[in-house]
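Here is the naming used below: chain letters follow the sequence lines, and residue numbers restart at 1 for every chain.
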Amino acid sequence: MNDDEFTKQLGSMLEKIAQQGPKPPSMAAIESRLLRRLVVRSCWTVAAASLAFICFSFIRHPSEITPTRNRTVPEANRHSTPPLAESEFTADAIRDRLTLFGVTGSATISKNKDGQVTFVATSSADTNDLQSSFEGMLDGIACVSIDVRGHDVSFSFATIN
Amino acid sequence: VTLTLTWQWVMAARPYAEVRSTADVDTDLLSRLRRRERPAFAELVALYGPALTRVAYCHLSDSHAAEDAVQDTFVGAWAGAARTTTATSLRSWLFAILFNICRKRIRTRTRVRLQQPADFVTPAAATTDDDRILELRAALAQLQDDHREVVVLRFLEKLDVSETASALEIPEGTVKSRTHAAIGHLRTLMGEEP
């Protein structure tokens, strides 16, 4: 048998094999597949949008993480706060005063074994301004250092005694 | 004599007219698909569903896999119709989608391979037509995937070399060489002397 005869025979045999196969798909089956695909795609889109929203909500806007030195203490507050006496040097008192200077959030105060007092708060005011204001305000209680990390400002004071 | 000549001319022109009309139908169908016309999609399914199913079944030799592949082909065609141009041959384009889907299926973990029939007969014992068909199925199972693609398109769907090349997205020379190699291999596997 030459190639031509073989290929003719091959065509008819392939036709017989094809007849043993499935029926062509119905329009309804294809439409249901199209619908399923649409639903799956929509779900993925919603999931991707949700994930993107969650991710972006964790990313701070650059303006929120800019160092606070460009911000200023309200002028009105700067001169209206009387200095704290030594006896008034408590967490509550400092928290109240810091609020006047634009420092917000929960403030904690701690004292180490050397008697150094550290105060941590969240500031939106200029830290240099705060330092000088505090130095004057505390009247003799020198501010040893101010450490700025994002919004957290840590003030360290040396106690009088 | 005039009547006879006219009749002969009409009969000779008929195949050309049919080819033209098929091409026109395809072009019209494709342009309507590009416009997302639902009735055109139904026409496409009715027109090409049988051919695609035949090819998918002969290539994959699995009814469920073939049905899935054909349905995915139509879904892909509906989604991708907007990317076609007026120069696109509808038939070749559909076969191209089908074979891409079949290749993906074959590559996946649940590898779809042609199953050798349980009652496979050896070439020496093949006497009846049914035996020859079983023998051919077994031989197709042993062919390379790309060779089987060419065989199915060229000898089942009777596509010419250029249409086959377009459907498989390969050069025409490659179609010819694969056809030659596939036929030789099939003849050997079926116990024919090449």
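Between B:T53 and A:P24, the closest heavy-atom pair is OG1-CA, 3.4 Å.
In this structure, A:I17 and B:L156 have side chains that are not in contact, with every pair of non-hydrogen atoms separated by 4.5 Å or more.
No other option in B:V152, B:V151, B:V70, B:I183 has as many heavy-atom pairs under 4.5 Å with chain A as B:I183. The most heavy-atom pairs under 4.5 Å with chain B, out of A:P22, A:S12, A:A29, come from A:P22. In terms of heavy-atom pairs under 4.5 angstrom with chain B, the leader among A:Q20, A:R37, A:R33, A:M27 is A:R33.
With a threshold of 4.5 angstrom between heavy atoms, B:F41 approaches chain A through its backbone and through its side chain. Within the 4.5 angstrom heavy-atom criterion, only side-chain atoms of B:V45, from C-beta onward, approach chain A. In this structure, no portion of A:K8 lies under 4.5 Å from any heavy atom of chain B. For chain A, no part of B:V55 is nearby; none of its heavy atoms comes within less than 4.5 Å. Both the backbone and the side chain of B:A42 come within contact range of chain A, each with at least one heavy atom under 4.5 Å from a heavy atom of that chain. Proximity to chain A involves both the backbone and the side chain of B:S63, based on heavy atoms less than 4.5 angstrom apart.
We find that B:K158 and A:E15 are not joined by a salt bridge, their nearest charged nitrogen and carboxylate oxygen being 4.0 Å or further apart.
For the residue pair B:R54/A:Q19, the side-chain donor-acceptor check at 3.5 Å is not satisfied.
Summarising the geometry, atom OG1 belonging to A:T7 is positioned 11.0 Å from atom CG belonging to B:L186; distances are rounded to the nearest 0.5 Å. We find the NZ-CZ distance between A:K16 and B:R137 to be 14.0 Å, quoted to the nearest 0.5 Å. Between the NE2 atom of B:H59 and the CG atom of A:L14 there is a distance of 12.5 Å, given to the nearest 0.5 Å.
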